[in-house]
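Below you'll find the structure, written out as structure tokens, and then a few comments.
Just so you know, these numbers come straight off a predicted model, no measurement behind them. Order of the sequence lines fixes the chain letters, A, B, ..., with proteins taken first and strands second; residue numbering starts at 1 for each chain.
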There are 2 protein chains.
Amino acid sequence: MAGKQTRDEIVAAADRLFYERGFEATSFADIAAAVQISRGNFYYHFRTKDEILTAVIARRVADREALLRHWAEELPPLDRIERFIGILIANQSKIMAYGCPVGTLATELAKLGHAARDDAAHLFTVFRDWLRCQVEALGVAERADDIALHLLMRSQGVATLATAYKDPEFIRREVEDMRAWLQQHLPGPSD
Amino acid sequence: MAGKQTRDEIVAAADRLFYERGFEATSFADIAAAVQISRGNFYYHFRTKDEILTAVIARRVADREALLRHWAEELPPLDRIERFIGILIANQSKIMAYGCPVGTLATELAKLGHAARDDAAHLFTVFRDWLRCQVEALGVAERADDIALHLLMRSQGVATLATAYKDPEFIRREVEDMRAWLQQHLPGPSD
DNA sequence: GTCTATACAGCGATAGAC
DNA sequence: GTCTATCGCTGTATAGAC
């Protein structure tokens, strides 16, 4: 039964390396070294690089869904969205070094013409649908999906420029602006 | 003197391939095949992959500077910025397929920890400084750089989501929103 | 300036012993 | 389930003929 644990360790290491170095730039040897197993053993668990990519994407989807579910249980709708925006602050060190894990993987797979590109784009949809639901819960009936996409768009833009310039003050300012924008696009308390 | 021409063809082909497939995923054989020369001849012009990357970045900087200078000569300041925003529409097919050439290269080199990462980030600065100048020309004395960064941020966000979702209607809507935002952040005609 | 031939490391992937 | 050994291919890079 140690097989399951080894497999999980491989996926966790691949998840981290695909994020930090990129999918193409990460070799089997890199992952095996990170988990401290031989390449031969590695191939017992995953026969191709595509298989491990699929497992990594599934892991990321599960992680994000669990996180968003957790927020939905603990916070009221507005705070949930603010928490989403706050990811840019909470993860700013990693974002300045490696960008957004969702956006950078989707872009890389699109360039590679990889079969899993749509699966990677689906990671965006996890956030998109969740954001739309929260916006609707705040009383916005129409254009809730547009608002969700706009928040996603801003997150991606901030992440990309944060990686290029590594400027925490830029991130702080844009996060504040996102929060103000959100307030303006929700029904006021008198509605 | 055919050497100069061959060299230009190599850089042009590498520029396109680095954009469409990524820097890491493009091999010397790919570039040589695109220019229809042998690998041996290729190495006469560029001895390492880093050398050709440097040449590609220099080419991109020169191309963008020439384009922006051209706009500055032909259009009034507000139209120049609108033209910048309009890149998202004019290049939407390529952006949906490969993302933004500036943002995707900067992100990839950041992940690779490549020495040329700062040079790639400088490509952003070409647009940043130019946008700041146009905003200042429209009468904004303070926060012109913040406005420039905000426009860059939005462009990057739209490009990333456009690559993931390939939705022209999303691009159209966000471009319209960028133009409206710009109008709101410029001094009114009565000021 | 352009070519062929080639060196050598690292890649993804397989076979088979334990 | 984990290992060593190895395969075939591709990657960057070089040497030298023309």
Determine the sole option in A:Ile87, A:Ile171, A:Val158 for which the side-chain contact (heavy atoms from CB on, under 4.5 Å) test with A:Gln92 is passed.
A:Ile171

In whole angstrom, what separates A:Phe23's CZ from C:dC11's C1'?
13 Å

Treating Ile, Leu, Val, Met, Phe, Trp and Tyr as nodes and any side-chain heavy-atom pair under 4.5 angstrom as an edge, say whether A:Ile52 and A:Tyr44 lie in one connected cluster.
no

What's the CZ-C1' distance between B:Phe46 and C:dT2, to the nearest Å?
16 Å

Hey, is the side chain of B:Ser27 poking within less than 4.0 Å of OP1 or OP2 on D:dG11, counting only N and O atoms?
yes

Can you tell me how far P of D:dA13 sits from CD of B:Glu51, to the nearest Å?
9 Å

Should B:Asn41 be listed as having a side-chain N or O under 4.0 Å from OP1 or OP2 of C:dC3?
yes

Is the centre of the A:Phe127 ring less than 6.0 Å from the centre of the A:Phe84 ring?
yes

Taking CD from A:Glu24 and P from C:dG12, how many angstroms apart are they, rounded to a whole number?
9 Å

A:Arg60 to A:Phe18 six-membered ring, cation-pi geometry met (6.0 Å, 45°)
no

CA sep, side-chain torsions, deciding dist, call: B:Phe28, B:Tyr43, ring-ring contact (aromatic ring centres under 6.0 Å, His included):
CA-CA 9 Å; B:Phe28 281 19; B:Tyr43 276 91; 4.9 Å; yes

Distance check needed: D:dT12 C1' versus B:Ile10 CD1, whole Å only.
15 Å

Looking at C:dT2, I'd like to know if its phosphate oxygens (OP1 or OP2) sit under 4.0 Å from a side-chain N or O belonging to B:Tyr44.
no

Plane angle bin for A:Trp181 and A:His185 - parallel if under 30°, tilted between 30 and 60°, otherwise perpendicular:
parallel

Atom pair distance, as rounded to whole Å: CD in A:Gln36 and P in D:dC3
10 Å

How does protein contact run along nucleotides 13-18 of chain C, one letter per nucleotide 5' to 3', with B for base contact, S for sugar-phosphate only, - for none, heavy atoms under 4.0 Å?
BB----

Could you tell me how far apart A:Phe42 (CZ) and D:dC3 (C1') are, to the nearest whole angstrom?
15 Å

Nearest whole Å is fine: how far is D:dG1 P from A:Glu9 CD?
14 Å

Given B:Arg179 and B:Glu176, is the salt bridge (Lys or Arg N to Asp or Glu O under 4.0 Å) satisfied, shown in steps?
CA-CA 5 Å; B:Arg179 292 192 163 129; B:Glu176 195 176 314; over 6 Å; no

